[in-house]
Amino acid sequence: MLFSVRALVAALLVLLSGACAHRRAAPAMETSGFLDDYALLRDGGPNEVWRVYRSRETNWPAYDKVLLEPVTLWRSGRKSLEPVPKEDLLRLVSDFQSAVRTRLGEGFRFVDQPGPGVMRIRVGITDAHASDAVLDILTASRGTGRPHPAGDGALDPETRRFLEAAVIEGEVRDAQTNALLAEGIDRRRPGAPPLETWAEVDRAFAFWADRACGRLEARTGGRPGS
């Protein structure tokens, strides 16, 4: 359901990348408010997300289950998502959630309640600024959602414009204690060709999910049934 909310809502495997404590702090940047503490982020290294934080105190092998929150889209401004066709917004959250859930399911068991060994994962696609008084937010349905018809047609210009400016943000927390284990922000690499079709969007989602979830799996040793 699409709705507008006040931006005190400052609450997408990211997870996943080990930020070295010796890296220099990232320069100040506009933030969406999706993550709680952007000051923790450092520049990601090769094959890592753009900005990343990982707690040194995390005992990653202790985690083998995932509580996955619904994927969200965030954009600054009242009704700012309205120019994007509603069916495109629904497909974006559905396809991204499906890509993340499918890849996570290869290494972890899904649960719907906090407990020992459970990671709570939040992922969002954001083009928002926490300084703005109003945000427009779309939340995916829980579960995998009903798949949209496969299609590789051209993106609507407004959908393409949103994706060009958007980044992926995500965090991993201990589901019982709410302790922050990892967080990060990722964006398309400078000079990367723009996404023009749905086929390209779905390939990008699958690539990101495979990279991010694969790193999380490597840290935890996650495997089905483990």
Side-chain angles (χ1 to χ4, degrees), residues 4-63 65-77 93 96-97 100 104 108 114-140 165-188 208-209 211-213 215-216 218-220:
S4 295
V5 294
R6 295 268 170 200
L8 45 85
V9 191
L12 110 275
L13 317 151
V14 209
L15 319 172
L16 322 164
S17 317
C20 176
H22 298 297
R23 292 190 188 125
R24 63 181 176 81
M29 61 180 181
E30 190 76 58
T31 60
S32 70
F34 183 89
L35 303 176
D36 284 338
D37 192 350
Y38 290 87
L40 294 172
L41 297 173
R42 298 291 183 269
D43 289 339
N47 299 317
E48 294 182 335
V49 295
W50 176 43
R51 303 277 191 257
V52 65
Y53 163 77
R54 180 175 59 87
S55 172
R56 286 184 163 188
E57 300 176 359
T58 301
N59 179 20
W60 290 104
Y63 295 95
K65 296 176 285 294
V66 166
L67 197 167
L68 180 63
E69 294 288 332
V71 166
T72 55
L73 298 182
W74 293 41
R75 199 177 199 185
S76 287
V93 293
F96 190 36
Q97 180 154 294
V100 172
L104 275 174
F108 304 95
V118 178
M119 295 176 287
R120 182 187 297 273
I121 296 179
R122 296 173 60 240
V123 186
I125 303 172
T126 70
D127 176 22
H129 309 300
S131 57
D132 293 335
V134 177
L135 302 180
D136 218 17
I137 299 179
L138 175 71
T139 303
V167 299
I168 294 175
E169 301 189 45
E171 68 174 18
V172 183
R173 292 181 177 272
D174 183 291
Q176 277 192 310
T177 68
N178 204 42
L180 181 63
L181 309 180
E183 65 177 8
I185 304 176
D186 210 5
R187 65 176 181 181
R188 288 176 59 77
W208 187 91
R211 183 183 65 163
C213 299
R215 286 186 173 276
L216 186 60
R219 294 194 180 283
T220 61

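Fair warning: this is a prediction, and the values are worked out from it, not measured in the lab. Counting begins at 1 with the first residue of the sequence.
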With heavy-atom distances below 4.5 Å as the criterion, would you say the side chains of [X] and [Y] are in contact?
X      : Y      : answer
Ile185 : Thr31  : no
Leu181 : Arg54  : no
Val49  : Arg211 : yes
Ile168 : Phe96  : yes
Tyr53  : Leu180 : yes

Roughly how far, to the nearest 0.5 Å, is [atom2] of [Y] from [atom1] of [X]?
X      : Y      : atom1 : atom2 : answer
Ser55  : Glu183 : OG    : CD    : 11.0 Å
Leu73  : Ile125 : CG    : CD1   : 5.0 Å
Leu40  : Leu35  : CG    : CG    : 9.5 Å
Phe108 : Ile121 : CZ    : CD1   : 7.0 Å
Thr220 : Lys65  : OG1   : NZ    : 11.0 Å
Trp74  : Leu135 : CH2   : CG    : 6.0 Å

Residues Trp60, Met119; criterion side chain to side chain contact (heavy atoms under 4.5 Å, CB included); working and verdict: CA-CA 10 Å; Trp60 290 104; Met119 295 176 287; 4.2 Å; yes
Those residues that, when tested against Asp174, pass salt bridge (Lys or Arg N to Asp or Glu O under 4.0 Å) (two or more places apart):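 By the salt bridge (Lys or Arg N to Asp or Glu O under 4.0 Å) rule, Asp174 matches no residue at all.
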What's the shortest heavy-atom distance between [X] and [Y], and which atoms?
X      : Y      : answer
Ala130 : Gly33  : CB-N, 3.9 Å
Pro114 : Ala175 : CB-O, 3.3 Å
Ala140 : Pro70  : O-CB, 3.2 Å

For Thr58, side-chain hydrogen bond (donor to acceptor under 3.5 Å, both in side chains) partners two or more places apart: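 Not a single residue meets the side-chain hydrogen bond (donor to acceptor under 3.5 Å, both in side chains) criterion with Thr58.
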Contacts of Arg173 that satisfy side-chain hydrogen bond (donor to acceptor under 3.5 Å, both in side chains) - sequence neighbours left out: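 In terms of side-chain hydrogen bond (donor to acceptor under 3.5 Å, both in side chains), with neighbours along the sequence ignored, Arg173 is linked to Asp36, Glu171.
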Side chain to side chain contact (heavy atoms under 4.5 Å, CB included) evaluation trace for Gln176 with Val118: CA-CA 7 Å; Gln176 277 192 310; Val118 178; over 6 Å; no
